[in-house]
Protein chains: 2
Amino acid sequence: MGRQMTEMLKGTLEGIVLALLTGKPAYGYEITTLLRGQGFTEIAEGTVYALLVRIEQKGLVDVEKRPSEKGPPRKVYSLNEQGEKELDEFWNTWSFLSERLEQLRKAGK
Amino acid sequence: MGRQMTEMLKGTLEGIVLALLTGKPAYGYEITTLLRGQGFTEIAEGTVYALLVRIEQKGLVDVEKRPSEKGPPRKVYSLNEQGEKELDEFWNTWSFLSERLEQLRKAGK
DNA sequence: TCCACTACCTAGCGATACTATGTACCAGTA
DNA sequence: TACTGGTACATAGTATCGCTAGGTAGTGGA
């Protein structure tokens, strides 16, 4: 992963995962492959699991264990009310930053 | 500063400062007030100086010391060729992330 | 003399993504 | 049986970066 991308993902990756969970619960392995499918090809598996532990401890998601046909049981995460609130704030923060950066980009050329 | 914003600035603040420097050299105190003027009202002064040290050590900027009428001498930073290259990469990384997030936002509602 | 503004700098801290590695379950196959 | 590969989760250690909380120094005005 590029150094820039690694740093830029700090803070945004959590929002990305929360966004992925809106409406459709998912488990860690699934989230990793989802991210890879969306172009985040170099996200480390361990990064995702560590993030999931964090958002669970922050109380942003509910967890349910479900058996899998193909391996160890899955931990399915679903966004709860607090998680939705956090996601709202994330979009607000993102919008602010995004607008400032687009202005800067325009000004630059 | 909000926790989310603090984390999201990681990686982007460097790009923001490099963008501010395109075409118009500036010194640290000036950059801090510029940032404040653009809405980043809570950027800590120390953060800016530490960042400037970093981008200088990475060779992204040239530095020139100039006397000031109102205080200690200023260190004026100007973007060099390598800095412009880094800024290009920054915009690429930003664009990638930005597009993914806008897709996610659309999908979410 | 004291305060405010200008201007720069730094040590220590907290949060987060990455690296590297380990564990475990199952199916197919040689 | 033994091996391989895919599924699925977990974590210790590291590096980076922004913030906190100070400090130093020059100038001018109350």
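Below, all heavy atoms of this structure are taken into account, side chains as well, without hydrogens, waters or symmetry copies. In what follows, chains are A, B, ... by sequence order, proteins preceding strands, each numbered from 1.
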Hey, are A:Glu89 and B:Arg3 close enough for a salt bridge, meaning a charged N less than 4.0 Å from a carboxylate O? no
Between A:Glu99 and A:Trp94, does a side-chain hydrogen bond (donor to acceptor under 3.5 Å, both in side chains) hold up when you go through it step by step? CA-CA 8 Å; A:Glu99 283 164 23; A:Trp94 169 259; over 6 Å; no
So, is B:Lys70 close to the C:dA4 phosphate, meaning a side-chain N or O under 4.0 Å from OP1 or OP2? no
What contact category does A:Glu30 fall into here, base, sugar-phosphate, or nothing, at under 4.0 angstrom with non-hydrogen atoms? nothing
Map A:Leu51 and A:Pro73 onto DNA chain C by nearest heavy atom, then report which one ends up closer to the 5' terminus. A:Leu51
Is there a side-chain polar atom (N or O) of A:Arg3 under 4.0 Å from OP1 or OP2 of D:dC17? yes
With a 4.0 Å cut-off, would you call B:Lys58 and B:Glu14 a salt bridge? yes
Let's go through B:Tyr49 and B:Tyr27 carefully: what are the C-alpha distance in whole Å and the side-chain angles of both, what is the deciding distance for ring-ring contact (aromatic ring centres under 6.0 Å, His included) to 0.1 Å, and is it a yes or a no? CA-CA 10 Å; B:Tyr49 287 109; B:Tyr27 55 97; 9.6 Å; no
State, with a plain yes or no, whether a side-chain heavy atom of B:Leu9 is found less than 4.5 Å away from one of A:Leu97. yes
A:Arg74 atom CZ is separated from C:dT23 atom P, nearest whole Å, by 23 Å
Under 4.0 angstrom, heavy atoms only, what part of the nucleic acid is A:Leu13 near: base, sugar-phosphate, or nothing? sugar-phosphate
Spacing between A:Glu69 atom CD and C:dC26 atom P, to the nearest angstrom: 11 Å
Could you state the CD-C1' distance from B:Glu7 to D:dT16, rounded to the nearest angstrom? 11 Å
Below 4.0 angstrom from OP1 or OP2 of D:dG18, is there any side-chain N or O of B:Arg54? yes
Carefully, step by step, assess B:Glu45 and B:Thr32 under the rule side-chain hydrogen bond (donor to acceptor under 3.5 Å, both in side chains). CA-CA 6 Å; B:Glu45 225 191 334; B:Thr32 304; 5.3 Å; no
For the helix from C:dT1-D:dA30 to C:dA30-D:dT1, what angle separates the axis at the start from the axis at the finish, each from five pairs, in steps of 10°? 20°
When you measure from the side-chain N and O atoms of B:Lys65 to the phosphate of C:dC8, is any distance below 4.0 Å, counting only OP1 and OP2? no
Would you kindly give the CD-to-P distance between B:Glu14 and D:dA15, to the nearest whole Å? 19 Å
Please determine which of A:Glu56, A:Glu30, A:Glu64 meets the salt bridge (charged side-chain N to carboxylate O under 4.0 Å, His left out) test together with A:Lys75. A:Glu56
Report yes if at least one side-chain N or O of B:Tyr29 is closer than 4.0 Å to OP1 or OP2 of C:dT6; otherwise report no. yes
Distance check: side-chain N/O of A:Thr47 vs OP1/OP2 of C:dC18, anything under 4.0 Å? yes
Take the protein atom CG of B:Leu52 and the nucleotide atom P of C:dA7, then report the distance between them rounded to whole Å. 14 Å
At 4.0 Å (heavy atoms only), tell me whether A:Gly11 reaches a base, stays on the sugar-phosphate, or touches nothing. sugar-phosphate
Touch check for A:Ser68, heavy atoms < 4.0 angstrom, all strands: base, sugar-phosphate only, or nothing? sugar-phosphate
Between B:Tyr49 and C:dC8, is there a contact of a side-chain N or O with OP1 or OP2 at under 4.0 Å? yes
Can you list the steps and then say if A:Ser95 with B:Arg105 is a side-chain hydrogen bond (donor to acceptor under 3.5 Å, both in side chains)? CA-CA 11 Å; A:Ser95 298; B:Arg105 173 138 65 172; 2.9 Å; yes
Using heavy-atom distances to pick each residue's nearest nucleotide on DNA chain D, tell me which of B:Val48 and A:Gly71 is more 5'. A:Gly71
Separation of C:dC5 P from B:Arg36 CZ (nearest whole Å): 13 Å
Under the 3.5 Å rule, do the base of D:dT16 and the side chain of A:Lys10 count as making a donor-acceptor pair? yes
In whole Å, I'd like the distance from the CD atom of A:Glu45 to the C1' atom of D:dG5. 14 Å
Interatomic distance, B:Glu42 CD vs D:dT20 C1' [rounded to whole Å]: 13 Å
Quick one: is B:Arg66 getting a side-chain N or O under 4.0 Å of the C:dA7 phosphate, OP1 or OP2? no
